[in-house]
Each structure stands twice: as C-alpha cells, then as structure tokens.
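Heads up, the thing below is written out as structure tokens.
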Amino acid sequence: MQAKKRLNRLALMAPTVGQCAVGAALAWLVAKNVLGHPSPFFAPIAVILSIGVGLGQRLRRMVEMVVGVSVGVGVGDLLVSWIGSGAWQIALVVALAMAVGVLLDSGSLIVLQAGSSAILVATLLPPSGVGGLNRMLDALTGGVVGIIALALLPASPFTLVAKQASGMFEALARALRQISEAIEKSDPGLAAKALDGARSTQANVEQFKQALATSWEIATISPLHRHGRSRLDGYETAAVPLDHAVRNVRVLARRAVAALEGQDPPPAWMPDALRELADATLLLRQELAHGQEPKRAHDAILAVAGRQGTERWGFSASVMVAQFRSIVVDLLQASGGDREQAVAALPPLDTPGDQDIP
C-alpha cells in the first residue's frame, strides 16, 4: 500500500521534476553563454527553488528566492569587503542578511535564502569586482527561466486537480458507506473504524486545496492552458463546501460510535440515505472530472435530502441527523447551489430544539 502511494505521488510530481531538470539546465546555459558568467550555480539553484517539488505559491517562491539571494549576496559582498572573512564575520553577515529579509517579508524562504546566500559569499565566494551583481543576475535568470518552464512545460492543471479531488471524493464516500454499514449492523466497532478512516480525510482535503491553487497558477501563467480555466470553476465552487462536508462526516462518525454504544439507535432511514449520499458524492466527482455542470449530482443529493423521517430520536441520534443534514447542505453547495436554497431543500424537523438544526 505504501509503495502504491509513493508511486502515485511520483506520477503526480513527475511533470514538476521534469520542469526542474530542464529549467536548471537552461538557466545554466543562459547564465554561462549569454551573460558570460563562468560558474553561475545560483541560476540552476534558483530554478529548483522557484519551481519546487511542492504544490502551490510558485510565483511567490520565485520572488522570495530572487529577493533573498539578492539581499544575502548584497549584504555579504558589502560587509565582507570591509571586515573580511572569519567566524564572527559569518555570524554578523548572516544575522544582518536574515534581519533584512525579515523586515522585507515574513515568508520563510526569503529569510533562509538571504542567510544561506550570505554564508556562501562570506566563505566560498569572497567578493571580487562585479561578482555580487553577477550572482544577483544569476538568481534572477534562474527565477525567470523557472517561470518560463512552468509556462511552456506545464502539467495539465485540470488533470492535476482532478487527481487530487478524486482521492478526496473517494475518502468521503468511503466514510459515508462505512458509517452506513455500522448503523445497519448496530456495530460500534465498525463505527469506530469509520471514525478512524474519517479522521485521515483531512490530508486529502489539504492536498486537493494545494492542487487547486497550483492549477490556477499554471492556468494563469501558461498560454497553453488559459482557455481551460473555466473547467476549474467547478472545483473552485466545491472546495470550501467539500472541506465542511469532510469535517461534518467526522462528527457524524463520532456520534455514530456514541449512539451505537449507548443503545441510542439512529433513524431506520439513515443507512440507505448515507449510501445514496455516497453514490451522489462519486457522481459529483465524475461530473466535475469531465468538466460538466454537476446537475445529476445535484438532483441526486436533493433526492437524498427528502428521505428523512420526522420521528423523535435520542440525543446522539439527533446529533447524527443534524450532521447528516449539514452534509447534505455542504454537498448541495459543492454541486453549485447556494446555502439558502440548500437549507430550504431539507424537510422540516419535528423534534425538540430543531430550530438550531439546519
């Protein structure tokens, strides 16, 4: 299982690795042959830092990296030319370079890059002539080449976000089905297993959000994918409601454990409704993955919303009904509806305290 996850992650990051490799080589060639710098190692390093192997905020990383290198090299060149090299000089140069980085921006990359660049200047690359300016130009060259590599060698932004969304939808549907089975079998052990699975779903949500941010970034930068930005709108609409749905499923699983352990049986209609909601969740995944307006998923979720009975329940079961209704509202919003319409689609509750339940 671990090997499969690692292979999937490698497949996901393969385009980024390729961008880093090609961009590093191009940045070296440009800095060496066009700018005439004999050892422009800052240029390929800048490509790696600006593109990175993580998802999201690449433009910000590029700017932070270029500014950080410029600050580190500038402070290092200026001070080392006055005070020379040594242990206390390194301490002073690093402290001042990082302090300037903190004053310029709160991002960690700019501060770390300023400090590390200052160390390089104070130890391995003592200033000489226009060396400091050349290193700044190398960093800028690498940053620009990194952005060009993102634009001309891009991963498909829609494919990227669809892959990450698929894992999140699958995790959500699986949790709903597990809770349904636990209720049907009156088995608190199965409910506890569902809760353990639901607790791990937040990682899927965070990966999806990062992929969505990166996809928008690629679609904005790359002329090859600007025409496809509208296909990301469905995922953008679904992002926050799906996050809420995942959180509500965790609460639902926790209350299912309490209800089944405390002999407070959930409503008889809930197992089938949860399975239908899981099916509707996967239908939403399918329609978004095909760039379609999720009308069928929306209708399927609406159908589930009307399955509730009006009988009275115990405390834990009442909380489960409230969470179920909240998940329905979340998924209706994820499929394109607004909150007012989603809440209005729920049948009224005839239970004590129902005024506070959506």
Side-chain angles (χ1 to χ4, degrees), residues 1 5 165-206 208 241-286 297 300-335 342 346-347 349-354 356-358:
M1 192 65 178
K5 286 183 178 179
S166 180
M168 180 182 58
F169 281 115
E170 183 62 39
L172 179 57
R174 182 170 56 250
L176 290 169
R177 288 199 176 105
Q178 288 176 335
I179 297 169
S180 171
E181 182 182 5
I183 296 171
E184 205 164 47
K185 295 181 178 180
S186 299
D187 188 338
L190 286 177
K193 182 178 179 181
L195 176 58
D196 289 340
R199 282 172 173 161
S200 67
T201 54
Q202 193 59 35
N204 298 101
V205 174
E206 296 306 321
F208 165 68
L242 285 173
D243 186 4
H244 293 166
V246 168
R247 296 174 190 273
N248 282 319
V249 164
R250 289 201 289 270
V251 178
L252 177 64
R254 187 161 57 247
R255 296 317 307 181
V257 174
L260 295 173
E261 286 180 342
Q263 302 300 311
D264 182 12
W269 52 262
M270 187 169 282
D272 287 340
L274 289 173
R275 276 193 293 269
E276 291 179 19
L277 202 56
D279 292 339
T281 298
L282 296 181
L283 181 57
L284 177 58
R285 175 186 67 176
Q286 177 183 330
I301 299 165
L302 280 175
V304 177
R307 287 187 57 98
Q308 304 163 60
T310 58
E311 67 271 24
R312 296 175 182 268
W313 313 285
F315 175 75
S316 290
S318 295
V319 175
M320 290 183 66
V321 172
Q323 292 307 127
F324 171 83
R325 290 165 68 89
S326 295
I327 295 167
V328 168
V329 170
D330 295 333
L331 292 178
L332 285 172
Q333 290 181 268
S335 59
L346 295 169
L349 288 174
D350 184 22
T351 57
D354 67 333
D356 298 327
I357 300 176

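- Between Glu184 and Arg275 there is a salt bridge, with a side-chain nitrogen of the basic residue lying less than 4.0 Å from a carboxylate oxygen of the acidic one.
- Contact record, Ala334 with Pro241: N-CB, 3.7 Å, taken as the closest heavy-atom pair.
- Note that CG of Leu195 is 11.0 Å distant from CZ of Arg255, once rounded to the nearest 0.5 Å.
- Listed for the Arg325 side chain is a donor-acceptor partner under 3.5 Å among the backbone atoms of Pro347.
- The heavy-atom pair separating Ala192 from Val257 by the smallest distance is N-CG2, 3.5 Å.
- Note: Leu277 CG to Arg177 CZ = 10.5 Å, rounded to the nearest 0.5 Å.
- Considering all non-hydrogen atoms of both residues, Val304 and Ala273 come closest at CG1-O, 3.5 Å.
- The shortest side-chain heavy-atom distance between Asp196 and Arg199 falls under the 4.5 Å cut-off.
- Between Pro271 and Ser180, the shortest heavy-atom distance links the atoms O-OG, 2.8 Å.
- Annotation: the span from Leu242 atom CG to Met168 atom CE amounts to 4.5 Å, rounded to 0.5 Å.
- Inter-residue side-chain proximity for Leu172 and Ile327 is flagged as unmet; no heavy-atom pair is nearer than 4.5 Å.
- Distance CG/Leu274 to CZ/Phe324: 6.0 Å, rounded to 0.5 Å.
- Residues Asp187 and Glu181 form no side-chain contact, since every pair of their non-hydrogen atoms from C-beta on lies 4.5 Å or further apart.
- Between Leu176 and Val249, the closest side-chain pair of non-hydrogen atoms falls below 4.5 Å.
- For the pair Gln333 and Ala342, the tightest heavy-atom approach, listed with the atom from each and the gap, is CG-CB, 4.5 Å.
- Salt-bridge formation is detected for the pair Arg247/Asp243: a Lys NZ or Arg NE/NH1/NH2 atom is positioned less than 4.0 Å from an Asp or Glu carboxylate oxygen.
- When side chains are defined from C-beta on, Leu260 counts as touching Pro266, because their heavy atoms get closer than 4.5 Å.
- Note that CE of Met320 is 3.5 Å distant from CD1 of Ile183, once rounded to the nearest 0.5 Å.
- From Leu283, atom CG reaches atom OG of Ser335 across 10.0 Å, with rounding to the nearest 0.5 Å.
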